[in-house]
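Heads up, the thing below is written out as structure tokens.
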Amino acid sequence: MKLRGLYAITDGPLLAGKFLSYVEAALEGGVTLLQYRDKSSDEARRLREAEALRDLCERYKSQLIINDDAELAARLNVGVHLGQTDGPLSPTRALLGSKAIIGSTCHAQLELAEQAAKEGASYVAFGRFFNSNTKPGAPSCSLDLLDEAKRTLHLPICAIGGITLDNAAPLVAHGVDLLAVVHGLFGADSTAEVTRRARAFNELLKV
Ligand SMILES: Cc1ncc(COP(=O)(O)OP(=O)(O)O)c(N)n1
Ligand SMILES: Cc1nc(C(=O)O)sc1CCOP(=O)(O)O
Ligand SMILES: [Mg+2]
């Protein structure tokens with residue numbers, strides 16, 4: 001399966017009180033990958049929420065990715081996204097199997113992406129491209145890196161960090177396959193607006 005489209009990422013505080021309704025609104029508009037990103041240590045709630053997301057993703061034919069936590073991903077038989085300090089990729093590939101989607105954070109470094117590709121990543125993520133409400137301290141990345149990544153890598157490329165409908169077009173023009181978005185999608189003030197934004201991101205990507 002070619003990984004291309006909107007990559008919606010959840011955020012606990014932003015979605016407090018409207019978690020499943022906003023996620024379902026995004027799925028309604030079209031989501032290729034949905035990442036469960038929860039930085040809390042409440043294991044029981046994390047399992048409950050991840051299971052609910054897995055069921056929703058099955059209904060909408062989307063793919064669930066768990067941020068950081070390969071054990072939870074293995075338990076639910078879904079994909080995982082690993083940052084540079086979230087554990088090694090090769091053993092995670094062995095744990096989840098050859099078909100699982102595994103993503104890798106590569107910041108603004110092509111060498112990290114080449115290494116991730118060698119170790120079996122399904123996509124590589126570069127960022128942040130713009131100022132991010134969700135993660136203001138993330139290192140920044142330029143559009144030039146995307147051109148080089150397109151030339152040298154043979155994996156889907158994901159962009160992240162401050163992406164909105166107003167600034168995403170140049171990323172697509174520079175070859176990005178997956179637009180990973182938190183605030184620019186879920187920062188909307190109604191479910192209808194979340195669905196509209198999801199559809200509009202997909203139109204930009206022509207999916
Ligand atoms: C699609 C995508 N890209 C990058 C990240 C960031 O991962 P990481 O560097 O591990 O930071 P945290 O998200 O864990 O704070 C991501 N989650 N998803
Ligand atoms: C989780 C995350 N990782 C980033 C990186 O650059 O690696 S930026 C980011 C936050 C993305 O949220 P928003 O769309 O609200 O900016
Ligand atoms: Mg991480």
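Just so it is clear, the model here is predicted, and its values are computed rather than measured. Residue indices begin at 1 and follow the sequence shown. Start at 1 and go down the list; that is how both ligands and their atoms are numbered.
The atom of Asp86 that is an N, O or S and sits closest to the Mg ion (ligand 3) is OD2. Checked against the Mg ion (ligand 3), the N, O or S atom of Asp68 at the shortest distance is OD1.
Between Glu193 and Arg196 there is a salt bridge, since at least one side-chain N of the basic residue sits less than 4.0 Å from a carboxylate O of the acidic one. In summary, Arg199 and Glu203 do not engage in a salt bridge, as defined by a charged side-chain N under 4.0 Å from a carboxylate O. A salt bridge between Asp177 and Lys150 is present, with a side-chain N of the basic residue lying under 4.0 Å from a carboxylate O of the acidic one.
Side-chain atoms of Thr105 and His81 include a donor-acceptor pair closer than 3.5 Å.
The shortest N or O to N or O distance between Tyr7 and ligand 1 is not below 3.5 Å. For a threshold of 3.5 Å applied to N or O pairs, the pair formed by Asp68 and ligand 1 contains at least one separation below that value. Residue contacts with ligand 1: Asp86 is placed with a nitrogen or oxygen under 3.5 Å of a nitrogen or oxygen of the ligand (distance criterion only). Polar contact with ligand 1: present for Lys135 (N/O pair, distance under 3.5 Å).
In Gln35, the part holding a heavy atom less than 4.0 Å from any atom of ligand 1 is the side chain.
Residue-ligand proximity, Arg37 to ligand 1, at heavy-atom distances under 4.0 Å covers atoms 12 (P), 13 (O), 15 (O). Taking every non-hydrogen atom of Ala125 and a distance limit under 4.0 Å, the qualifying atoms of ligand 1 come out as 3 (N).
At least one heavy atom of Lys39 sits closer than 4.0 Å to an atom of ligand 1. Taking a 4.0 Å cut-off on heavy atoms, Cys158 registers as neighbouring ligand 1.
Under a 3.5 Å cut-off, the side chain of Asp11 and the backbone N or O of Val182 do not form any donor-acceptor pair. Distance alone, capped at 3.5 Å, places no donor-acceptor pair between the Ser140 side chain and the Phe129 backbone.
Partners of Arg54 under the side chain to side chain donor-acceptor pair (under 3.5 Å) rule, at least two apart in sequence or in another chain, do not exist in this structure.
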Identify all pairs of nitrogen or oxygen atoms, one from ligand 2 and one from the protein, separated by less than 3.5 Å, and list them with distances.
| from | atom 1 | to | atom 2 | distance (Å) |
| --- | --- | --- | --- | --- |
| ligand 2 | 6 (O) | Arg128 | N | 3.1 |
| ligand 2 | 12 (O) | Thr134 | OG1 | 3.3 |
| ligand 2 | 14 (O) | Val182 | N | 3.0 |
| ligand 2 | 15 (O) | Thr134 | OG1 | 2.4 |
| ligand 2 | 15 (O) | His183 | N | 3.0 |
| ligand 2 | 16 (O) | Ser132 | OG | 2.6 |
| ligand 2 | 16 (O) | Gly162 | N | 2.7 |

